[in-house]
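Structure first, commentary second.
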Amino acid sequence: MNHINSYTKEYDAIIVGAGFSGLYQLICLRDQLGLNCLVLETGDDVGGTWYWNRYPGARCDTESHAYSYYFSDELLKEWTWSERYPGHEEIRKYMNFVASKFNLKKDILFKQKVTSAKFIEDINNWNVTTDKNNFKCKFLITAVGCLSNTNIPKIKGLEDFEGSFYHTGNWPKDGVSFTNKTVGQIGTGSTGIQAVPVIAAKAKHLTVFQRTANYSIPARNKPLTEEFKKQVKENFQYYKDLIKRTPNAHPFEISDRLVSDVNSVEMNNIYEKAWEKGGLQFRAVFNDLVTNLEANNTASDFIKNKINKIVVNKKFASILSDIDHPYAGKRPPIDSNYFETYNRDNVNLIDLRRDPIKCINKNGIETEKNHVDLDIIVFATGYDAMTGPLLNMNIFGKNNLKLKNVWKEGPKTFLGLQIPGFPNLFTITGPGSPSVLTNMPMAIEQHVEWIRDCISFMIKKEYTTIEARSNLAKKWGQEVNRVANKTLLPTVKHSWYLGANIPGKPRVFMPYAGGLPRYSKICDDVKKNNFEDFILA
């Protein structure tokens, strides 16, 4: 097998990205199929999203015993998580542990940013160009993640600011010191909610600029007991089965109970217990919270009441609880003392709906009614999610077809795995797949294994190319919309699920909301039918 140090530039498969997706895809193609593979990674180490997400308070919102690879029993026995919700450092340690165990780094080229990828029809190969090299491959697999393309809003005057500014998704490796600094944070999504308490504890003063008020449930994060660690190791098959059969691939069942099945006292007791337990299980206590607005209102009101009880400053409490969308209609954050942080003397809150940002100047942020002097600005403003990382690669298919043009009105894929006009290009957790609506490692494993089996089938049957059919991609897009419209998710018009955080981005609901088990069955049926839904040549 050729490796990087033998100077070869031609590969059976090139995988872009060394996160959860890229590492497992390398194992599947190199070790299981014996292919000559290369992983290209922009960063200087493995980790993917978690390589860049080093911001204060960065922590996974999936419980650690589920946020793991489940393809290897040996790996499950050898690795032990320390906390209920792992932080970014521990996740990176885990990924390095995996890379070391399977000897992956010898086939990963770090500090290589892909600048373009072109399909060459004469030879049915992909030309992949980075900022340093050119490569050729038969199969190109994007493992670039759904949340890896940072979004800093274009605010007038940012270039004049004499302090420092950072985006949470591209945080300096050596961290940022907030000691004796006045800090402004723009954004209160999942990331912002994690960062606020940590920054406030270290900074001289923190001003939070909130555009959209958000729900959040306490994470109740804590170290795992020895008893729990032992129980997980002894029962990992149980957890594997549980995770694979739940719609969001989390390690808990969604209740069959409807809100209308219980009286108000019982309902309140159920919510109280879930609040005390903490975490995403809160949304699983009733079956109809994401599909029935009336049912959802009961959860929404419960959380708003909690905010008003926790936050002492009534003006702040009013701003924080002025939430304009159903609970879990956007990605539902979990937190460690987020609302409690607004009781600190060194924290201020500005409601951007009533007092919008006019500009940034050399000293700080100017709103319509205020000027806030700042040393540091933190942008917790999210990502150009799902499509951004793919469009950023500058991909060209057959007939010089540019992906940016094909997706001008929104992403078009078949199963979130392939795009018409782009043969032998596979997208792991692409738009049109469950991806961000699930515990990601499980969705990733399903995709990676499907791609492995597809490539294995092609090799055995001596097919050269595989490509999604346009009519089936169109039908799949309709199916993604149909399933989404059975939920409250598309009603949140400012959600990044629809790309609403990026000016000019088409408003299309991107993830598949039908659940991972249902989606997996659809993919398995395609496989059983010898991939006839695709154009094979």
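Residues take their numbers from the sequence shown, with the count starting at 1.
To the nearest 0.5 Å, atom SG of residue Cys454 and atom CZ of residue Phe531 are 4.5 Å apart. To the nearest 0.5 Å, the span separating OG1 on Thr188 from CZ on Arg211 amounts to 8.5 Å. In this structure, the separation between OH on Tyr51 and CG on Asn96 is 11.0 Å, given to the nearest 0.5 Å.
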Begin with the C-alpha distance, continue with both residues' side-chain angles, and end with the deciding distance and a verdict on side-chain hydrogen bond (donor to acceptor under 3.5 Å, both in side chains) for Glu83 and Asn221. CA-CA 7 Å; Glu83 293 182 280; Asn221 186 46; 3.0 Å; yes

**Study point:** side-chain contact (heavy atoms from CB on, under 4.5 Å) assessment of Phe426 paired with Gln25
**Key:** CA-CA 11 Å; Phe426 295 95; Gln25 192 73 75; over 6 Å; no

Q.
Using the rule given for side-chain contact (heavy atoms from CB on, under 4.5 Å), can you reason through Glu253 versus Arg245, listing the C-alpha separation, both sets of side-chain angles and the distance that settles it, and then say yes or no?
A. CA-CA 9 Å; Glu253 301 273 14; Arg245 73 170 180 264; 2.7 Å; yes

Query raised in the report: Do Asn439 and Asn248 pass the side-chain hydrogen bond (donor to acceptor under 3.5 Å, both in side chains) test, and can you show the C-alpha distance, the side-chain angles, and the key distance before you say yes or no?
Result: CA-CA 6 Å; Asn439 164 25; Asn248 304 106; over 6 Å; no

As a quick check of understanding, evaluate side-chain contact (heavy atoms from CB on, under 4.5 Å) for Val378 and Tyr55, giving each step before the final call. CA-CA 10 Å; Val378 173; Tyr55 61 86; over 6 Å; no

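Under a 4.0 Å N-O distance rule, the pair Lys101/Glu74 qualifies as a salt bridge. Salt-bridge check for Arg220 with Glu276: passed, with a basic side-chain N closer than 4.0 Å to an acidic carboxylate O. Salt bridge Asp61/Arg331: present, at least one basic N to carboxylate O contact under 4.0 Å. Salt bridge Asp324/Arg353: present, at least one basic N to carboxylate O contact under 4.0 Å.
Taking a 6.0 Å sphere around CG of Asn529, one finds it holds more than 12 heavy atoms contributed by other residues, nucleotides or ligands.
In terms of the side-chain contact (heavy atoms from CB on, under 4.5 Å) criterion, residue partners of Glu294 (sequence neighbours excluded) are, by chain and number, Asn292. Glu445 pairs by the salt bridge (Lys or Arg N to Asp or Glu O under 4.0 Å) definition with nothing, not counting sequence neighbours. Under the side-chain contact (heavy atoms from CB on, under 4.5 Å) criterion, Lys273 pairs with no residue, sequence neighbours left out. Annotation: side-chain contact (heavy atoms from CB on, under 4.5 Å) contacts of Ala13 (sequence neighbours excluded): Leu29, Cys37, Phe139, Ile141. Taking Lys229 as the reference, Thr80, Leu224, Glu226 meet the side-chain contact (heavy atoms from CB on, under 4.5 Å) condition, with sequence neighbours excluded.
Geometrically, Arg59 does not engage Tyr85 in a cation-pi contact, judged by NZ or CZ lying under 6.0 Å from the ring centre and within 45° of the ring axis. Seen from the ring of Phe286, Arg283 does not count as a face-on cation partner, given the 6.0 Å and 45° thresholds.
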Check: residues 515-523 side-chain donor-acceptor pairs under 3.5 Å, at least two apart:
unit_1	atom_1	unit_2	atom_2	d
Arg518	NE	Tyr512	OH	3.3
Arg518	NH2	Glu479	OE2	3.3
Tyr519	OH	Leu415	O	2.4
Tyr519	OH	His447	NE2	2.7
Ser520	OG	Leu516	O	2.8
Lys521	NZ	Asp525	OD2	2.9

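Taking the centre of each ring, Trp81 and Phe228 stay at or above the 6.0 Å mark. Tyr24 has its ring centre no less than 6.0 Å from the ring centre of Phe102. Side-chain rings of His65 and Phe236 stay apart, their centers remaining 6.0 Å or farther from each other.
By the 4.5 Å heavy-atom criterion applied to side chains, Phe20 and Ile91 are counted as neighbours. Counting only heavy atoms from C-beta outward, the side chains of Leu403 and Leu391 approach each other to under 4.5 Å. Counting only heavy atoms from C-beta outward, the side chains of Ile303 and Tyr327 approach each other to under 4.5 Å.
Within the 3.5 Å criterion, the main-chain N or O of Lys77 finds a donor-acceptor partner in the side chain of Lys233.
When each of Leu289, Asn297, Val285 is tested with Val259 by the rule side-chain contact (heavy atoms from CB on, under 4.5 Å), just one qualifies, namely Leu289.
Taking the six-membered ring where the residue is Trp, Tyr166 and Trp171 present tilted rings, their angle falling between 30° and 60°.
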